[in-house]
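Inspection log for the structure reproduced underneath, given as structure tokens.
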Amino acid sequence: MEVLKIKKGQRIAKRKDKVKGWYLIQEGSINQRLGFSELSLKTNSIIGILEQEWYICDYIAQEDSVIISIPCHNAEDLKRFLAADERYRLLFLRTAIEQRQKIFVLYSQLHKRVSQFHAFVQTVYSDYQNFCSRSQLDELAFPQMDYFNVLEMKHKAELWELQNSTSLIKNILKEYLQLMMQDDCLSVGVVMEASAQMHRAMQGIEEMVKYLTYHKEILLSKSGNDIFHLYFDLMVRSAKRQLDLAPIKQEIEFLTSFINKIQIYDTELAETRIKKYEEYDFSSASSAQTAKSINVLSEDCLLHILEYADLSPDEIKTFQDQVNKYLSLPDLTSTDSAAYKIRKQIAPLFYDVYYKVFLQAVENEDSASPVIEMFLNFGFMDTKLAGEERTKALYDLTGRLRQFHSERIYTIYEWLKSIYYGKKEPSKNEFELDYPAYLLEQRKNGDLTDEQVKRMRDDQKEKVRFEINNMFTSANRITYGKITTFCPILGEYDLINSIDKMAVTVERLEDELNKIRSIDFSLFYREVKYMGQGAGSDILTHESLMTEVLPDIILMPNAGTKAMMWQETADKRRDTPARFLFPIFTAANLEDMMVETAARYRWEMCRKIQGVRWNDVREKSLTSEYCDYLQFYRKNRDLSADAKDKLKTAISRAKNNYREVFVKDYQNWVKYECNGSFRLNKVARDILVVYCPFTKTYRADLKSNPVYQLSIPKFERDNAKKVQILKALYDKYEKAGGEITPALTENLMYYQM
């Protein structure tokens with residue numbers, strides 16, 4: 001066990017990260033958070049007891065705290081731990097039962113809120129329809145209600161479980177604990193049963209949090225396309241016709257009271273919208289004043305975007321003429337020369353407008369209307385091109401843009417903002433030049449002077465322009481997937497399914513990424529030199545630490561079919577994230593896209609680490625051994641004649657590109673081989689088992705198979721030796737006064753996976 005000191009505000013574990021064990025809180029308190037749902041874990045609570053493979057919750061210190069790391073992942077680990085130190089048996093039993101009760105209480109409270117929310121929305125919208133009918137006023141179109149259904153939960157806590165837990169806590173806890181702690185198997189059983197129940201209940205809580213988060217915009221949203229607006233507009237039109245406003249005012253008070261009470265809305269947003277209503281002069285009302293904000297279909301969206309970009313009248317006309325020419329084509333997906341020429345002429349105009357709109361939006365974010373957000377995030381420009389139904393759906397989606405953005409996932413607009421604000425550096429261009437190298441190249445060619453290079457080096461606007469003109473322009477076309485018919489303006493012909501089904505959200509991306517990480521655990525791990533200071537640091541001077549560096553994922557504004565690995569690191573340092581690029585909408589298989597991208601990352605990262613020796617078999621690595629295997633396969637006695645024929649075909653299909661042969665093998669590796677469905681030949685399998693090893697769970701199922709009888713046990717013996725060496729080294733380091741940091745703990749856990 002290792003003692004870890006945690007500062008206030010420090011994150012101990014992050015949602016969607018791998019679970020690396022349990023932590024016992026010795027001092028302080030930790031916030032267990034899932035969206036807007038929170039619990040405070042105090043002394044003797046156990047972080048991770050309800051988790052399984054991936055954290056459902058975030059865990060953040062509410063104050064300076066001390067926690068103990070416990071190497072526990074399953075019942076066997078727990079049994080060993082409790083057998084080694086019986087003092088913890090009572091503590092673990094009591095904590096498991098009490099934490100389960102807290103989770104059940106939270107579940108019950110949230111379940112009640114979900115029921116109240118659904119009933120309230122149905123009631124208040126029905127009342128709106130009745131008001132309109134009685135007053136003989138037209139209802140405003142509100143298609144969101146067509147998709148608003150009761151939550152059908154997949155993970156439930158049964159009523160008897162809640163009642164059983166409450167009764168146990170209130171009535172016979174002391175007697176129950178005394179009985180259960182008499183036997184190891186009973187103790188472990190109680191803790192693991194409580195753990196499983198907590199996990200299922202938290203999955204249910206996750207479903208409810210997602211439901212409320214997804215649907216909350218139906219009442220109140222940033223875009224203004226909500227039920228609150230329906231009533232605001234109804235007040236305006238009723239006032240204009242001098243109808244009785246008292247019943248509508250009463251309904252709005254009912255609505256605002258619920259919005260404040262349910263505690264799922266941003267306080268500032270709620271206050272702003274309510275204040276606007278309260279200060280509105282209904283005596284001089286005009287329905288156009290309020291209805292304008294959601295009448296996206298009657299607006300000339302293209303003109304709005306071009307005017308927002310501050311283009312001249314001539315520039316606006318040029319763009320409009322090109323779009324009209326495009327719309328007049330008999331077949332917008334045609335590959336003939338006339339269609340190709342129009343699309344080619346539109347592309348540079350699009351990116352020029354994008355840059356100008358971007359600058360306007362970041363310099364005055366309050367000025368960006370939902371239509372501007374649709375353009376910046378989705379590539380939308382014209383209702384005729386996108387279609388009325390899709391335009392409405394995209395408009396609604398602007399109220400839920402957060403589902404496309406996280407700590408590591410960005411829409412193209414959010415990505416360019418991160419460059420504009422100096423949080424990220426521009427990507428390399430197609431010639432593998434980063435921004436500083438590009439400036440030097442331009443100076444060498446005589447296109448820039450020394451003075452211009454000096455000025456542009458730290459000019460954030462120029463960095464954004466570089467990113468748009470290089471990575472964005474190229475990647476948008478490539479991720480679209482059909483280069484000959486690519487047009488940067490989003491079109492209805494590409495949106496072959498509903499917007500919600502095609503949306504590549506953070507949730508979907510993280511799920512697919514984690515699927516691969518749960519199989520190929522070392523995928524994103526890199527060796528980083530130990531940089532510790534203080535007592536005992538000289539003991540670890542020559543040690544390299546395995547550190548997981550997850551990629552940044554940037555969503556291109558198109559409805560595409562391809563993903564790509566743009567660069568394996570952000571710069572020359574190994575501990576910077578790769579950059580993966582995906583379309584923001586896709587009808588393709590997202591799992592296949594992610595696996596293929598991960599495979600290319602595997603290959604290119606190895607090439608980067610190995611440098612000029614990437615294909616030199618004297619320096620053992622994934623790429624060098626694969627190149628040797630593919631180059632000399634004809635002489636390889638471990639390959640049958642049939643395997644050689646298949647390999648010859650594979651190399652031919654890949655046009656002698658060894659990386660592409662590896663990509664196909666890697667896809668088979670993580671989709672089929674991990675489950676015992678063998679697709680690879682012996683040589684390829686023996687290479688991958690070393691350089692892309694399966695996690696412990698998959699190895700346990702496979703190592704008894706004759707195919708893996710030698711390779712997996714050897715891999716595990718080598719790792720066990722490394723663990724033994726590291727533990728001895730860490731003991732020596734601690735005795736010298738060193739502190740075991742999370743980075744050192746992660747390094748040890750890497751060899752235990």
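- Aromatic ring orientation, Phe228 versus Phe232: perpendicular (interplanar angle above 60°, classes split at 30° and 60°).
- To the nearest 0.5 Å, atom NE2 of residue His405 and atom OH of residue Tyr413 are 11.5 Å apart.
- To the nearest 0.5 Å, the span separating CD on Gln322 from CZ on Phe350 amounts to 14.5 Å.
- Between Tyr601 and Phe524, the ring-plane angle classifies as tilted under the 30° and 60° cut-offs.
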Using the rule given for salt bridge (charged side-chain N to carboxylate O under 4.0 Å, His left out), can you reason through Arg390 versus Asp494, listing the C-alpha separation, both sets of side-chain angles and the distance that settles it, and then say yes or no?
CA-CA 11 Å; Arg390 299 289 189 265; Asp494 292 317; over 6 Å; no
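- Contact of the Val323 side chain with the Met381 side chain is not registered, since no non-hydrogen atoms from C-beta on lie closer than 4.5 Å.
- The two residues Glu510 and Ser406 have their closest heavy-atom pair at OE2-OG, 4.2 Å.
- Annotation: salt bridge (Lys or Arg N to Asp or Glu O under 4.0 Å) contacts of Glu492 (sequence neighbours excluded): none.
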Determine whether Gln144 and Ile227 satisfy the following criterion, side-chain contact (heavy atoms from CB on, under 4.5 Å), listing intermediate values before the conclusion.
CA-CA 10 Å; Gln144 290 96 311; Ile227 288 177; over 6 Å; no
Test side-chain contact (heavy atoms from CB on, under 4.5 Å) on Arg579 and Trp415; report intermediate values, then the result.
CA-CA 11 Å; Arg579 291 179 182 176; Trp415 177 254; 3.5 Å; yes
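- For Arg408 against Pro551, the heavy-atom pair with the smallest separation is CB-O, 3.7 Å.
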Would you please test Val453 and Gln442 for side-chain contact (heavy atoms from CB on, under 4.5 Å) and show each step?
CA-CA 9 Å; Val453 169; Gln442 292 293 96; 5.9 Å; no
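- A distance-only check finds no donor-acceptor pair linking the side chain of Ser238 to the backbone of Met235 [under 3.5 Å].
- Residues Phe282 and Ala239 approach most closely at O-CB, 3.4 Å, considering heavy atoms.
- In this structure, the side chains of Asp511 and Glu591 stay at 4.5 Å or more apart for every pair of heavy atoms.
- Rounding to the nearest 0.5 Å places CZ of Arg273 at 5.0 Å from CG of Leu220.
- Asn149 and Tyr211 are not linked by any side-chain donor-acceptor pair at a separation below 3.5 angstrom, with hydrogens and angles left out of the test.
- If you run side chain to side chain contact (heavy atoms under 4.5 Å, CB included) between Phe404 and each of Leu509, Leu555, Asn377, only Leu555 comes through.
- Residues Ile274 and Asn260 are in side-chain contact: their nearest non-hydrogen atoms beyond the backbone lie under 4.5 Å apart.
- Heavy-atom minimum distance, Val209 versus Gly35: CG1-CA, 4.2 Å.
- Side-chain contact between Met145 and Val121 is present, with at least one heavy-atom pair separated by less than 4.5 Å.
- Using cut-offs of 30° and 60° on the angle between ring planes, the pair Phe466 and Tyr438 is tilted.
- At a cut-off of 3.5 Å, with distance as the only test, no side-chain donor of Arg602 or Tyr666 sits close to an acceptor on the other residue.
- Cation-pi geometry between Lys417 and Tyr421 is not met: the NZ or CZ atom fails to fall both under 6.0 Å from the ring centre and inside 45° of the normal.
- In this structure, Asn514 contributes its side chain and Arg517 its backbone to no donor-acceptor pair below 3.5 Å.
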Determine, step by step, whether Arg237 and Asp233 satisfy the salt bridge (charged side-chain N to carboxylate O under 4.0 Å, His left out) criterion, reporting the C-alpha distance in whole Å, the side-chain angles of both residues, the deciding distance to 0.1 Å, and the verdict.
CA-CA 6 Å; Arg237 290 188 289 152; Asp233 171 78; 2.8 Å; yes
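- Ring planes of Phe472 and Tyr351: perpendicular class, angle over 60° (limits at 30 and 60°).
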Pair Leu234, Leu140 - check side-chain contact (heavy atoms from CB on, under 4.5 Å), show working.
CA-CA 9 Å; Leu234 183 62; Leu140 292 182; over 6 Å; no
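- Nearest heavy atoms, Leu490 versus Ala559: CD1-N, 4.0 Å.
- Side chain of Trp566 to backbone of Lys428: a donor-acceptor contact under 3.5 angstrom is found.
- The closest donor-acceptor contact from the side chain of Tyr231 to the backbone of Tyr128 lies under 3.5 Å.
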Determine, stepwise, if the pair Phe585 / Phe378 fulfils ring-ring contact (aromatic ring centres under 6.0 Å, His included).
CA-CA 9 Å; Phe585 302 113; Phe378 310 135; 5.5 Å; yes
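- Within 6.0 Å of NZ on Lys482 lie more than 12 heavy atoms contributed by other residues, nucleotides or ligands.
- Between the side chains of Asp331 and Thr333, at least one donor-acceptor pair of N or O atoms lies under 3.5 Å.
- Here the side chain of Arg600 pairs no donor or acceptor atom with the backbone of Glu660 at under 3.5 angstrom.
- For the atom pair CD1 (Ile496) and NZ (Lys501), the distance works out to 11.5 Å, reported to the nearest 0.5 Å.
- Taking 4.5 Å as the limit, every side-chain heavy atom of Ile264 sits out of range of all side-chain heavy atoms of Thr213.
- Taken from OG1 in Thr391 to CG in Asp382, the straight-line distance is 8.0 Å, to the nearest 0.5 Å.
- No donor-acceptor pair closer than 3.5 Å links the side chain of Arg443 to the backbone N or O of Asp450.
- Phe375 and Tyr354 have tilted rings, their planes meeting at an angle from 30° to 60° on a 0 to 90° scale.
- Closest of all the heavy-atom pairs between Tyr493 and Leu385 is CE2-CD2, 4.5 Å.
- Under 3.5 Å, the side chains of Glu467 and Ser427 contain a donor-acceptor pair of N or O atoms.
- Rounded to the nearest 0.5 angstrom, Thr479 OG1 and Phe582 CZ are separated by 10.0 Å.
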